[in-house]
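Source: prediction; values computed, not measured. Numbered from 1 within each chain, the chains take letters A, B, ... in sequence-line order.
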Protein chains: 2
Amino acid sequence: MICYNIILMSHLSTASQMTSTAKVIKHAKQHCAARGSKLTEKRSQVLKGLLESKKALSAYELIDYCREKFDQQLPAMSVYRILEFLESENLVHRLELAKKYVACSHIACDHTHETPQFLICNSCNTVEEISISNSIIHSLRSTISKAGFHLASPQLEFECYCEACGA
Amino acid sequence: MICYNIILMSHLSTASQMTSTAKVIKHAKQHCAARGSKLTEKRSQVLKGLLESKKALSAYELIDYCREKFDQQLPAMSVYRILEFLESENLVHRLELAKKYVACSHIACDHTHETPQFLICNSCNTVEEISISNSIIHSLRSTISKAGFHLASPQLEFECYCEACGA
DNA sequence: CTGTTTATGATATGTTATAACATTATCCTA
DNA sequence: TAGGATAATGTTATAACATATCATAAACAG
């Protein structure tokens, strides 16, 4: 399965970045339209912020981004609502561990999305969306179930260090 | 390996609870002494709070506990410092996911401690310290390493629901 | 008993997040 | 196209968790 990984692309040149961001935004708009919702200007600005960052961003970092990039003063409350909306549309993932947000890596893909798993760098917040084999997930689930618990969400997050940040 | 699980004991009667807590505190004191540090009165009060709760507690909940139980007004800063100390002595674990703290389940055990893994109930914050098989951990590590990352800590945490809280 | 280290106190502020209520924009329908 | 419904956003206040900084007190070693 080959798909366009936005997170990994974000360090390319500005021109190609914009192009790819624009493409994804277009996809996202269609996606919303198909579901009877709307990707408004502000929602699209917040999503752009996430698309153009290879790191996970906090709501407050997105406020700064919109102020600097679009001269738009978004209140915290609005950004949280917008993130909630984007999440409900599967365009954005919220990382519980980092208390930050990332754009979904598969907005512009056509295939159905699998459950995402995330590796989050403790130091620089770089995020890698990976896929863990069913057998590992299955063993994990069964261990957890033996303790009388079950996973709240199939989305797993792991506190890591990336290659660059090392130990 | 049989060891005394404090978390699971905390719903027993007050009398036996106090006894077991006192025992663990004694162990903890010896442990600190052996390492050249001291389990002061306030540190011991904070640890007691965690020992007597089967849920993970936040720093601010521990402040309340010390005020109610010991008529002790601890400033937030002190509690954070005390928790940091207790963690450095391996008496307490910090749960990144829940932003809360639990007493180590193995303070009074003699065997060496394995890396803890935690199941945290999203709803009631009940925490279960479990042990995940080496083979699962190993596969997980290898998946993560293929992505160019490595786990920040062998301590894993999973957002779950406990039996009582269900869905 | 004095100076150093260790522990704790006090105050301010940072970061993430939500509640409650007000206002504005959009869009449907009569 | 007026007017009302719904959706989107704004405003303000505050909760919960956390750290920085500087001040003070307690413990202990020489």
If each end axis of the helix from dC1(C)-dG30(D) to dA30(C)-dT1(D) is fitted on five C1' pair positions, the angle between them, to 10 degrees, is 0°
Just to verify, what does E61(A) make a salt bridge (Lys or Arg N to Asp or Glu O under 4.0 Å) with, not counting sequence neighbours? none
All N/O contacts under 3.5 Å from nucleotides 10-17 of chain C to the protein, with atom names and distances to one decimal?
from, atom 1, to, atom 2, distance (Å)
dT16(C), OP1, K100(A), NZ, 3.3
dT16(C), OP2, S58(A), OG, 3.3
dA17(C), OP1, R94(A), NH1, 3.3
dA17(C), OP1, R94(A), NH2, 3.3
dA17(C), OP2, Y80(A), OH, 3.2
dA17(C), OP2, Y101(A), OH, 3.4
dA17(C), N7, Y60(A), OH, 2.9

Who pairs with R81(A) by salt bridge (Lys or Arg N to Asp or Glu O under 4.0 Å), at least two apart in sequence or on another chain? none
Would a line drawn from the ring center of H93(A) to the ring center of Y101(A) be shorter than 6.0 Å? no
Return the set of residues passing salt bridge (Lys or Arg N to Asp or Glu O under 4.0 Å) with E159(A) (not counting sequence neighbours), or none when no residue passes. none
Hey, what's the ring geometry for Y161(B) with H150(A), parallel, tilted or perpendicular (30° and 60° as the breaks)? tilted
Within less than 4.0 Å of OP1 or OP2 of dT6(C), is there a side-chain N or O belonging to T40(B)? no
Verdict with supporting geometry, Q117(A) and S131(A), side-chain hydrogen bond (donor to acceptor under 3.5 Å, both in side chains): CA-CA 6 Å; Q117(A) 273 90 34; S131(A) 162; 5.1 Å; no
Protein N or O to nucleotides 26-30 of chain D N or O, pairs below 3.5 Å:
none

Check: F158(B) ring centroid to F149(A) ring centroid under 6.0 Å: no
Is a side-chain N or O of H31(B) found less than 3.5 angstrom from the main chain of E89(B), in a donor-acceptor match? yes
Please report, rounded to the nearest Å, how far the P atom of dC17(D) is from the CG atom of L62(B). 11 Å
Decide whether Y65(A) and E52(A) meet the rule of one side-chain donor and one side-chain acceptor closer than 3.5 Å. yes
Please determine whether a side-chain nitrogen or oxygen atom of S78(A) lies at a distance below 4.0 Å from atom OP1 or OP2 of dG10(D). yes
